[in-house]
Colleague: 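This is the structure I want to talk about, given as structure tokens.
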Amino acid sequence: MEKINIIGAGLAGLTAAITLAKGGRHSRLISLQRSERAQSVLAEGGINAALNVMGEGDKPEYHFEDTMRGGVYLADEEAVRRLTEGAPDIVMWLAGLGVPFNMKDGRLIQRNFGGQKKKRTAYAKSSTGKMIMSALIDEARKYEVAGLIERYPHHAFQGAVIMDGVCLGAAVCDTYTGERLTFGGRVIMCCGGLAGLFPRMTTGTTQNSGHAAARLFGQGVVFGNLEMLQYHPTTIGIPDKRCLVTEAARGEGGRLYIERQGSKWYFMEEKYPELKNLMPRDVVAREMFMVRRREDCGDTVYLDMTELSVDVWDKRLPDLRAEIMHYLSLDPAREPIPVREGIHYFMGGINTDVRHRTNIAGLYAAGECTCQYHGANRLGGNSMLGAVFGGKTAAEDILSLPEADTPDLPDAAVTDTEPPEAVKAELGEILYSGLGIVRSESGLMRALERLDELEAREGAFPESRLGRAMLLSALKRRESRGAHFREDFPERSEELRAPTLAVCRDGKIIAEIGGDRI
Amino acid sequence: MSVLKILRRKSADQQPYWQSFEFTSDDPNAAVSTALTALNSRSDLRDMSGEKADPIRWECSCLQKKCGACAMVINGVPRLACDSKLAELGEVITVEPLKKFPVIADLIVDRTVIFDTLRELKVWLERGVTPDERAQEAAFEAAGCLQCGCCLEVCPNYYAGGRFTGMAGALPLTRLIAELTDEQRREVLKAYRKRVYEGCGKSLACRKICPAGLDIESLMARSNAAAAWRSLFDLRK
Ligand SMILES: Cc1cc2nc3c(=O)[nH]c(=O)nc-3n(C[C@H](O)[C@H](O)[C@H](O)COP(=O)(O)OP(=O)(O)OC[C@H]3O[C@@H](n4cnc5c(N)ncnc54)[C@H](O)[C@@H]3O)c2cc1C
Ligand code: SF4
Ligand code: SF4
Ligand code: FES
């Protein structure tokens, strides 16, 4: 009997396992830590679907248009079409699993989120991810007890077992015992975003080391849009990471300023009199970067929330106030807080088709580790949707096919080691130096030279190869689009309206727009 | 400067021993998690007596009090390492693994028993529910449980393998009690009565310790009322 190997137990992995189990198929749900610890529990704002409950005449068609426009037309059109059409069913399914989405007068309500023309984001206060995860964990438990889902909750992915271009299984290591196991059966990668490539610089978790994706890249799996990193404009520095300050802070009236020659300059309000502090994330982040760079300005951008009413603090943002007081030891109702752009989401990742199949037969991928839905910029609320929908779609494709033979694979068929922390930190610095908010050919070339030096000293390793692909992808995209801003090519170029594909072949890394050679 | 006095153990079958490390940070928010991260990123980690030391094994993920991975006993109290500011803990800080779970290595414990309990209790919905505004507040609070295990550590009535589930088992059950309306509710209440209600001393030591700050008191009050009502009802029959 074939058991499907799902690597990752966040939103995508859980949904894939549940979908397979509902179809009567067995899976192994493999993760570094328990689902309760996955990055998905951090999601705050909500999940998108054109439910049309707010009397605005919303339709999946409009959700499709907003998503394509938001991603500046790099997302896979057919995939986005399916995603947005499937979204209402996903959210209603989650509500049926008991997710306490906010309601009013007996009906679910939705809120506004950046880049969307309708109120389309369903939410559970400011803990939407945690609430959805709790419901999915309970649902998966039902099938665990029925024997359909087996949990491997402290197991590190070591690599796929690939023979003659076909994925036959996955190798894992039990981090508690050190035991190495190789599992036959098709594989669905649900291993999350690449936070670990930028240690301490993201809003994500330490668990998402990026190592699993990097291993696959080294094994010949094709990746897409790796240059597309989303910087969230308002994050605060807390020990060892960036902590997100929700967009709602500005939605409720928070204002950004910088010190200029002794006085406060509300630069967003001056430059964008219409949308002011609520311009799309990439624009705000870029403006913050630009003003900080100016000779006549200070080094720190502040978020001023001192004019918010007591009522707003008490009723709508109490968690935020407590969090800021805890970490910054200052009260945002009294004092402006220093904020900075932080890496928040990876639009790029494993390239799949609309059924979530990779270029390797038998290997699927879903969730933040993939790239098809968000193009050059992800809309808030679309990533949880993409993770749940992707996990479901991958599982449904497997359900539509007969069981595969599962050959006996020797344990320790694939071995793997992770680089030391210090080397990962150095790589992170190099990548960040090239892949900041504002990029240029010279900056990227310098980063590539430094990467050459690092590899000459330490040898190439999975993360360094994937990092190189990121830098090369950014170098190849000689235009500015969405999250990718090149100061040497500040305009968008219609000729480059195609995803950037990257692959590692015989140790050589190729990145190309359109990917003809790939 | 802080001194972290850590109870270490190479693996379950090895003897535990104390080892102390110095750590200095000028970040007022530096927490026990910050110290552990920094110590482990030293390429040549040495303890206070200059002895070479292996990296300290511990678990973390979110580093912002939201995932429960980093629960451990700090200065004798179970809490999250990422929610334990060094500046508030005195100069010498003792750090030990949670004690009610088997140790894997150093500060990592195996909390499988929590999840086994949830399976025994059948914490899941048999059928879909219709969203109901009245159930929301309780469901939201109950689903916020991090499954960190801190409550079990301080609970005078909980021990692994016992009938009483402790709060980490009880809270997910209260979500179902809040949301269920069909016949599954009867079964859930029965399990609740036997494995929670009858075992809990209601001292609420768990409420004080819960790092998620969950409103355990009202959740319990609600569910206890439902369970007690159920037992009366059953008696009358
Ligand atoms: C602070 C924050 C707020 C957010 N808010 C929102 C929001 O409001 N709306 C929205 O739509 N999105 C939001 N997002 C993004 C969204 O939460 C994620 O994109 C989504 O949850 C990803 O789900 P996933 O299943 O792909 O991965 P994850 O939940 O990240 O899970 C990854 C899984 O892979 C496993 N794994 C990783 N590496 C390995 C390995 N080497 N071996 C074995 N297992 C491994 C992990 O253990 C984990 O189980 C937010 C993100 C953050 C960080
Ligand atoms: S009730 Fe609180 S202390 Fe207990 S496991 Fe849940 S979050 Fe942790
Ligand atoms: S109230 Fe007391 S007995 Fe009951 S779970 Fe909490 S600590 Fe344990
Ligand atoms: S690391 Fe998540 S709670 Fe401490």
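Labels below follow one simple rule: chain letters A, B, ... track the order of the sequence lines, proteins then strands, and each chain is numbered from 1. Note that this is a predicted model, so its numbers are computed, not measured.
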Colleague: Can you check side chain to side chain donor-acceptor pair (under 3.5 Å) on B/Ser61 and A/Gln207, steps first, answer last?
Modeller: CA-CA 5 Å; B/Ser61 182; A/Gln207 209 185 146; 3.0 Å; yes
Colleague: Side chain, backbone, both or neither: which part of B/Glu179 has a heavy atom under 4.5 Å from chain A?
Modeller: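 The side chain, not the backbone.
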Colleague: Can you tell me which portion of B/Val103 sits under 4.5 Å from chain A's heavy atoms? Options are side chain, backbone, both or neither.
Modeller: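 For B/Val103, no heavy atom lies under 4.5 Å from chain A.
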Colleague: Report which part of B/Leu180 has an atom under 4.5 Å of a heavy atom belonging to chain A: side chain, backbone, both, or neither.
Modeller: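 Neither; nothing under 4.5 Å.
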Colleague: Could you look at B/Thr34 and say if it's the side chain, the backbone, both or neither that has a heavy atom under 4.5 Å from chain A?
Modeller: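 Looking at B/Thr34, backbone and side chain both touch chain A.
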Colleague: State, yes or no, whether a side-chain contact exists between B/Arg119 and A/Arg141 at a heavy-atom distance under 4.5 Å.
Modeller: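 Yes, their side chains come closer than 4.5 Å.
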Colleague: Measure distances from A/His326 to the heavy atoms of chain B and classify the residue's part below 4.5 Å as side chain, backbone, both or neither.
Modeller: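 When you check distances to chain B, atoms from both the backbone and side chain of A/His326 fall under 4.5 Å.
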Colleague: Among the options A/Arg107, A/Met92, A/Arg200, pick out the one with the most heavy-atom pairs lying under 4.5 Å from chain B.
Modeller: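 Greatest number of close heavy-atom pairs with chain B: A/Arg200.
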Colleague: Is B/Arg57 close to chain A through its backbone or its side chain, or both, or neither, when contacts mean heavy atoms under 4.5 Å?
Modeller: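 Side chain only.
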Colleague: I want to check something: taking the side chain as every heavy atom from C-beta on, are B/Glu141 and A/Pro100 in contact at a cut-off of under 4.5 Å?
Modeller: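 In short, these two side chains do not touch, never coming nearer than 4.5 Å.
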Colleague: At a 4.5 Å cut-off on heavy atoms, which part of B/Glu120 comes close to chain A: side chain, backbone, both, or neither?
Modeller: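 For B/Glu120, no heavy atom lies under 4.5 Å from chain A.
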Colleague: Got a sec, which residues hit side chain to side chain contact (heavy atoms under 4.5 Å, CB included) with A/Ala425, two or more places apart in sequence or on another chain?
Modeller: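 A/Ala425: no side chain to side chain contact (heavy atoms under 4.5 Å, CB included) contacts found.
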Colleague: What part of B/Arg111 lies closer than 4.5 angstrom to a heavy atom of chain A: side chain, backbone, both or neither?
Modeller: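 Answer is side chain: those atoms of B/Arg111 sit under 4.5 Å from chain A.
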Colleague: Side-chain contact test, heavy atoms from C-beta onward, threshold under 4.5 Å: evaluate it for B/Asp132 versus A/Met103 and give yes or no.
Modeller: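 SC-SC contact between B/Asp132 and A/Met103 ruled out.
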Colleague: Tell me, out of A/Ile137, A/Leu328, A/Asp240, who's got the most heavy-atom pairs with chain B below 4.5 Å.
Modeller: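 Highest number of heavy-atom pairs under 4.5 Å: A/Asp240.
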Colleague: Taking side chain as C-beta onward, heavy atoms only, is A/Ser127 less than 4.5 Å from B/Phe140?
Modeller: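 Side chain of A/Ser127 against side chain of B/Phe140, heavy atoms only: contact under 4.5 Å found.
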Colleague: Which bit of A/Asp105 is near chain B, if near means a heavy-atom gap under 4.5 Å: side chain, backbone, both or neither?
Modeller: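 Interface part for A/Asp105: backbone (N, CA, C, O).
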Colleague: Do A/Arg151's NZ or CZ and the ring of B/Phe115 fall within the cation-pi criteria of under 6.0 Å and 45°?
Modeller: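 No, A/Arg151 does not sit over the ring of B/Phe115.
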Colleague: Identify which part of B/Leu63 has an atom lying under 4.5 Å from any heavy atom of chain A, answering side chain, backbone, both or neither.
Modeller: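 Answer is both: backbone and side chain atoms of B/Leu63 are under 4.5 Å from chain A.
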Colleague: For B/Lys122, is it the side chain, the backbone, both, or neither that has a heavy atom closer than 4.5 Å to a heavy atom of chain A?
Modeller: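 No part of it gets close to chain A.
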Colleague: Identify which of A/Gln39, A/Gln33, A/Lys424, A/Glu323 forms the greatest number of heavy-atom pairs closer than 4.5 Å to chain B.
Modeller: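 Option with the top pair count is A/Gln33.
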Colleague: Walk me through it: do A/Glu44 and B/Lys66 pass the test side chain to side chain contact (heavy atoms under 4.5 Å, CB included)?
Modeller: CA-CA 11 Å; A/Glu44 296 173 357; B/Lys66 286 189 175 168; 3.2 Å; yes
Colleague: Within residues 23-32 of chain B, which residues come under 4.5 Å of chain A, heavy atom to heavy atom?
Modeller: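 Listed by number: B/Asp27, B/Asn29, B/Ala30.
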Colleague: If you compare all heavy atoms of A/Arg34 against all heavy atoms of B/Thr112, which two are closest, and at what distance to 0.1 Å?
Modeller: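 Reported closest heavy-atom pair: NH2-OG1, 3.6 Å.
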Colleague: Looking at chain B, which one of A/Ala38, A/Gly106, A/Gly204 has the largest number of heavy-atom pairs inside 4.5 Å, strictly under?
Modeller: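 Answer, by heavy-atom pair count under 4.5 Å with chain B: A/Gly106.
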Colleague: Give, as side chain, backbone, both or neither, the part of B/Leu125 having an atom under 4.5 angstrom from any heavy atom of chain A.
Modeller: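 Answer is both: backbone and side chain atoms of B/Leu125 are under 4.5 Å from chain A.
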